[in-house]
Structure formats: structure tokens, C-alpha cells
Amino acid sequence: PQDVPERIRINSVPILTVLVDLDPITFRLDVNPTTMLRPYKRLIRMEDTLMNHLSDLETKWAFAESEELKQKADSTSDITNDERAAPKTPQLAKESNKDKLYHGTFTTSDPLTDSIEALRDLRCLKQFFELYIHPTVDRFRSKTARKVRFADLWYLFPYGEEVFLASALGAEARSSFTQTAESGAYQSVFRVYDLSGGRLQLSDPNDSEDESNNNFQSSSAMVRIDPFHIMCYHIDWDSKSHSPVSHRIQIKPFEGEHDITSLDVYPTKYHKDFEPIRQQLLTRGHKFLKLTKPTHMRYHGRTYDSH
């Protein structure tokens with residue numbers, strides 16, 4: 001597949017206007033050319049809405065666009081001034097009346113987002129999705145990928161994905177939770193609800209800020225990369241009700257490609273033999289659920305390990 005470019009620059013005013021209307025908090029109200037860095041999180045989240053809008057524009061403007069191109073082609077031939085001043089053909093006029101009945105899924109007060117120009121620019125954006133984004137996403141969704149780059153981790157952990165934290169299971173087997181103290185996790189399976197970091201941070205090479213943090217630095221002093229954070233949760237009991245408990249898992253920057261299953265955390269669908277683990281966790285979960293109900297039990301053994 002084509003390698004995803006590290007950045008793109010959007011100059012199209014119709015597309016920028018649509019982005020501002022869809023996400024006014026992130027994008028400035030003044031429509032200026034915008035640079036986006038890989039993996040283009042906000043743009044991909046809006047893909048369905050943008051492509052639905054493109055479909056509506058195709059229905060509305062495709063015929064008018066073909067007529068416009070035909071008229072431009074005809075203008076190269078010798079035509080009279082009267083012909084130049086002639087009104088629209090009845091067919092075009094009928095198309096214009098049809099436009100008045102149009103009700104799209106995306107509404108805006110800016111006429112630029114409802115035009116032939118918007119149609120052509122969104123086609124260009126669609127081509128970008130199909131050429132660069134979809135092949136990368138499809139590899140991870142279909143489990144055909146075996147390795148992953150740090151810059152592509154965002155594609156590996158979509159919202160709602162079930163992930164496996166191998167270190168938690170290993171700690172549990174040894175009845176020791178010291179290894180999971182950093183993540184606060186005693187569970188081995190979580191569900192993803194948000195992602196952050198994992199992005200290039202561009203700075204002035206003469207910047208004198210302290211570089212002693214955990215950020216990865218490439219051979220260029222101008223490039224710094226933030227760790228990738230996975231916000232996930234599991235369901236627990238607080239003595240009154242069941243509720244989600246949040247955990248943050250960090251993956252530090254790395255160079256090149258790593259085996260997906262060599263990561264500290266990865267989607268359960270990549271585990272070569274996860275079904276026995278799932279059954280073990282389900283059995284434990286049913287037992288835990290039973291113990292949250294009023295009952296009388298007796299326990300013998302340690303409840304706390306001193307460190």
C-alpha cells in the first residue's frame with residue numbers, strides 16, 4: 001500500500017468551510033489553509049459525513065458540471081454573441097428547479113459548500129482517502145497486518161476495540177500486581193474509548209526547552225514525538241453499582257516496524273490463542289458478579305502482600 005504522507009495541506013475553501021461547520025471548536029472560524037499531520041484523526045472521523053455530502057453534491061451538480069464542461073468546449077468554436085447571451089437550456093432550467101427540492105445531510109449557510117467547486121474538491125479528498133488512508137486502515141481491520149509503525153498506532157486501536165494487556169495477565173499468574181502499578185491495571189482486557197499523543201511535535205531547532213523527558217527524538221533535533229496513550233476501561237463494582245473504571249496505557253515511541261503482538265497492549269483479535277483466556281475471564285467475571293450480591297462467604301488466605 002501507499003505510505004501515508006506525514007502531512008497534508010488543505011487549501012480548498014469549500015472543504016475548509018465544511019470542516020469549520022462540522023468542528024468549529026477545533027478549526028478556526030476564519031477559513032485559512034490548514035496543515036494536518038498524520039494520522040489525520042479529525043479528518044478521518046468526519047469521513048462519513050464528508051462523503052455523504054459528496055454523494056449529495058454528485059446528485060445535485062454532476063449534470064450541471066457536465067453541461068459546464070460542454071459549454072467550455074463549445075466556446076472554443078466560433079459562436080455568435082447572441083448565442084453567448086442565450087439563457088440556459090430548458091434541461092438546465094429543469095435541473096435548477098430540481099435543486100430547489102434538494103435536502104442534503106449537511107447544511108450550511110455558505111454557498112461555496114454547495115457548488116460545483118465543492119463537488120470537485122471533495123472528489124480530490126475522496127481520492128486521498130482511497131489512495132492513502134483506506135489501504136492502511138483495512139490492513140489492521142482485516143488482521144492482515146503483522147507489524148505496525150508508531151505513526152500508525154491510531155489505526156490499530158479504533159474506538160470500542162477490545163485490547164489485551166499481557167503484563168497484567170502475567171502479574172496475575174504470579175499473584176503479584178507490582179508490574180501493573182504504573183497503569184493501575186489488574187485487568188488484562190479493556191475496551192478503548194479514546195486515544196491521544198503519538199504525534200510529531202515540530203519545534204524550533206534553537207529551542208532551549210528541557211529535552212530530558214521521555215519524548216523520542218530522531219536524528220533531527222527539530223522533531224520530537226509524544227508517547228501514544230490509550231484510554232480504556234473495564235466494568236467494576238463500587239459496593240453500590242457497576243460502573244466503568246478508566247485506565248491509561250502508554251506506548252513509548254519506537255523506530256521502524258514492530259510486531260503487533262510484541263507491544264505491551266494490542267487488540268485481542270491479534271492474539272494467536274485468545275479463546276482460552278476469554279473463557280477464563282468470563283468464568284471469573286460470572287463469579288465476581290455473583291459475589292457482588294448479598295451473600296455470606298468465608299475466606300482463608302492472604303488479602304495483602306507487603307512490599
Applying salt bridge (charged side-chain N to carboxylate O under 4.0 Å, His left out), can you list everything that pairs with R123, at least two apart in sequence or on another chain? E58, E65
Salt bridge (charged side-chain N to carboxylate O under 4.0 Å, His left out) involving E47 - partner list, sequence neighbours excluded: none
Just verifying a value: how many Å separate [X] [atom1] and [Y] [atom2], rounded to the nearest 0.5 Å?
X	Y	atom1	atom2	answer
T17	D114	OG1	CG	12.0 Å
I230	D264	CD1	CG	9.5 Å
S196	R248	OG	CZ	5.0 Å
H258	I251	NE2	CD1	11.0 Å
L19	T113	CG	OG1	11.0 Å
L119	H53	CG	NE2	9.5 Å

Take D152 and F140 through the side-chain contact (heavy atoms from CB on, under 4.5 Å) test and state the conclusion after the steps. CA-CA 10 Å; D152 292 332; F140 294 119; 4.0 Å; yes
For the side chain of [X] and the backbone of [Y], is there at least one donor-acceptor N/O pair under 3.5 Å apart?
X	Y	result
R141	L156	no
R191	G160	yes
D259	T261	no
T34	N32	yes
T35	R9	no
T283	Q279	yes

Would Y270 and R146 satisfy side-chain contact (heavy atoms from CB on, under 4.5 Å), going step by step from the backbone distance to the final call? CA-CA 9 Å; Y270 283 95; R146 290 292 174 264; 4.2 Å; yes
Hphob cluster co-occupancy, [X] + [Y], side-chain heavy atoms under 4.5 angstrom:
X	Y	result
Y159	V245	no
F288	I277	no
V189	L289	no
L131	L54	yes
M46	L16	yes

Work out which heavy atom in [X] is nearest to a heavy atom in [Y]; give both atom names and the distance.
X	Y	result
L122	M51	O-CE, 4.3 Å
P135	E130	CD-O, 3.4 Å
P39	W154	CG-CB, 3.7 Å
P253	F150	CA-CE1, 3.4 Å
N11	P33	OD1-CB, 3.4 Å
V163	T268	C-CG2, 3.8 Å

Less than 4.5 Å apart, side chain to side chain, heavy atoms only: is that true for [X] and [Y]?
X	Y	value
V137	I133	yes
I260	K147	no
E6	L37	no

Considering residues at least two apart in sequence or located in another chain, which fulfil the ring pair (Phe, Tyr, Trp, His ring centres under 6.0 Å) criterion with [X]?
X	answer
F274	F164, H271
H242	W237
F128	Y40, Y132

Quick check on K41: does its NZ atom have over 12 non-hydrogen neighbours (other residues, nucleotides or ligands) under 6.0 Å away? yes
Is the count of non-hydrogen atoms from other residues, nucleotides or ligands lying under 6.0 Å from Q127 atom CD greater than 12? no
For L195 and L153, run side-chain contact (heavy atoms from CB on, under 4.5 Å): C-alpha distance rounded to whole Å, both residues' side-chain angles, the deciding distance at 0.1 Å, then the answer. CA-CA 10 Å; L195 305 166; L153 287 176; over 6 Å; no
Rest of the hydrophobic cluster containing M231 (Ile/Leu/Val/Met/Phe/Trp/Tyr, side-chain heavy atoms under 4.5 Å)? Y193, Y233, I235
Start with the C-alpha gap between H247 and F190, add the side-chain angles, then the distance that decides, and say whether side-chain contact (heavy atoms from CB on, under 4.5 Å) holds. CA-CA 9 Å; H247 296 278; F190 301 87; 3.0 Å; yes
Any salt bridge linking K269 with E161? Criterion: basic side-chain nitrogen under 4.0 Å from a carboxylate oxygen. yes
For a quick check under 3.5 Å, do S241 and S243 share a side-chain donor-acceptor pair by atom type? no
